[in-house]
Amino acid sequence: MAVALLFLCFLVLATTTSDAVIAHSDPQIIQLLRPRAGVAGHPDSEINCLSWRLAVETNNIRNWDLVPETCEDYVGNYMLGKQYRLDCEAVADIAIEYAENLTIPDDGKSIWVFDIDETAFSNLPYYARPSVGFGAKKYNSTAFGEYIQEADVPALPASLRLYRNLVKLGIKSVFLTGSSERYREAREENLKKVGYYTWEKLILKPISEKGTSSVYFKSKERTKLVNEGYRIVGNIGDQWSDIIGTNVGNRTFKLPDPMYYVG
Ligand SMILES: *[C@@H]1O[C@H](CO)[C@@H](O)[C@H](O)[C@H]1NC(C)=O
Ligand SMILES: *[C@@H]1O[C@H](CO)[C@@H](O)[C@H](O)[C@H]1NC(C)=O
Ligand SMILES: *[C@@H]1O[C@H](CO)[C@@H](O)[C@H](O)[C@H]1NC(C)=O
Ligand SMILES: [Mg+2]
C-alpha cells in the first residue's frame with residue numbers, strides 16, 4: 001500500500017515536472033510553467049469557468065472588469081498549461097494557410113496588422129504574479145509600465161511563427177497597439193530582441209489620445225493606412241476591439257485572452 005502510494009506520488013510529480021519547464025532558459029519564447037490547481041472553478045460557485053471563458057471569447061460578455069475570483073485558478077491553469085498554447089497555434093495554422101493562398105502584388109502594399117500585448121508578445125510573466133492573479137486582481141498600471149520598460153517580454157510563439165511566414169510571403173507587418181507612445185523605445189527593443197526584426201510601421205497610442213477607446217483609435221489608424229494605399233490582408237489580436245470597427249482587413253483572427261477586456 002505504502003509502496004503503491006509512493007509510486008503514485010512519483011507519477012504525479014513526474015507529470016507535473018515534465019510540464020513545468022523552467023522559464024528563462026530561452027527568453028525568446030514563453031515556456032510552459034507549472035499549471036495551477038483547479039480546473040472548472042469552485043463547485044459551489046454559480047459561475048462555471050469554462051462557460052465564462054467561452055462567453056468572453058465569443059464577446060457575449062463585454063466590458064468585464066476582472067476575472068471572477070472563483071475562476072482565478074481555472075484561468076491560471078489554462079494560461080500556463082498546454083491548452084492556451086495549442087489554441088494559439090491553431091489560430092496561427094489557419095492564418096498561415098489563408099496567407100499562403102493569397103496573391104500578393106509586388107508593390108509592397110500588402111500588410112498584416114498585429115496587436116502587441118497578448119498577440120505579438122505574451123505578458124504571462126506579469127499576469128502570473130500572485131498580486132495580479134491572471135486578471136483576478138486589480139490591475140496596477142504603474143507596475144505593468146515598469147514591466148514593459150524592461151523590454152524583456154517574451155514573444156507569443158504562435159504569432160512569431162505567423163510573422164515569420166508573412167515575411168517569407170512578402171506581406172509586411174504593422175504593429176498597432178493601444179499601449180502608450182511613451183513605451184516606443186522599449187517596445188522597439190523588445191520586438192527586435194524576440195525576433196520581430198522588421199516592420200512597416202509601429203503605431204502606439206499618442207499620449208494626447210489617452211482615454212479614447214481602442215476600437216476608435218485602432219479604426220482610425222487602420223483607416224489612415226488604407227488611405228495611404230495599403231491593403232490590410234490580415235489582422236490579428238486578442239481583443240475584439242482589435243478586429244471590429246472600420247477597415248478591419250480582409251480577414252481577422254482572434255487569439256484567446258481570458259485575462260482582461262479592452263473595449
Ligand atoms: C486555398 O486555396 C485552395 C485552392 O483554391 C482552396 O481549396 C482552399 O480552400 C484555400 N484555403 C484557404 C484557407 O483559403
Ligand atoms: C503598484 O505598483 C507600484 C510599482 O510596483 C507599487 O509601488 C505600488 O505600491 C502598487 N500599487 C498598489 C495599489 O498595489
Ligand atoms: C480585401 O478588402 C478590400 C476592402 O474591403 C476589397 O476591396 C478587396 O476586394 C478584398 N480583397 C480580397 C482578395 O478579398
Ligand atoms: Mg492585445
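Source: prediction; values computed, not measured. Both counts, for ligands and for their atoms, begin at 1 and track the order of listing.
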Quick test of your reading of the model: are [X] and [Y] salt-bridged, counting only N-O distances below 4.0 Å?
| X | Y | value |
| --- | --- | --- |
| Arg231 | Asp107 | yes |
| Lys254 | Asp242 | no |
| Arg184 | Glu181 | yes |
| Lys220 | Glu209 | yes |

Determine whether the aromatic ring centres of residues Tyr260 and Tyr139 are separated by less than 6.0 angstrom.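 Not under 6.0 Å, so no.
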Is the gap between the ring centers of Trp64 and Trp52 under 6.0 Å?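 Distance test on ring centres: under 6.0 Å, yes.
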Short of 2.8 Å from the Mg ion (ligand 4), name each protein N/O/S atom, waters not counted.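 Listed by chain and number, the atoms are Asp115 OD2, Asp117 O, Asp238 OD1.
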Ring-plane angle category for Tyr196 and Tyr163, please: parallel below 30°, perpendicular beyond 60°, tilted otherwise.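 The rings of Tyr196 and Tyr163 stand perpendicular, inter-plane angle above 60°.
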Give one line per pair: atom of ligand 3, protein atom, distance. Only N/O to N/O under 3.5 Å.
residue  : atom   : partner : partner atom : Å
ligand 3 : 2 (O)  : Asn250  : OD1          : 3.3
ligand 3 : 2 (O)  : Asn250  : ND2          : 2.4
ligand 3 : 11 (N) : Asn250  : ND2          : 2.9
ligand 3 : 14 (O) : Asn250  : ND2          : 3.3

Region of Glu146 that comes within reach of ligand 2 [heavy atoms, distance under 4.0 Å]: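 For Glu146, only side-chain atoms sit under 4.0 Å from ligand 2.
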Arg53 NZ/CZ over Tyr78 ring centroid, <6.0 Å and within 45° of normal: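 Relative to the ring axis of Tyr78, which defines the angle, Arg53 lies inside both limits.
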Give the C-alpha distance, both sets of side-chain angles, the deciding distance and a yes or no for salt bridge (charged side-chain N to carboxylate O under 4.0 Å, His left out) between Glu89 and Arg161. CA-CA 9 Å; Glu89 293 298 340; Arg161 183 163 66 88; 2.8 Å; yes
Within the 4.0 Å heavy-atom shell around Asn140, which atoms of ligand 2 are there?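 Listed by number with element, the hits are 1 (C), 2 (O), 3 (C), 8 (C), 10 (C), 11 (N), 12 (C), 14 (O).
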Ignoring hydrogens and angles, tell me if any N or O in the side chain of Trp240 forms a donor-acceptor pair with the backbone of Glu57 under 3.5 Å.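 Yes, Trp240 side chain to Glu57 backbone: donor-acceptor pair under 3.5 Å.
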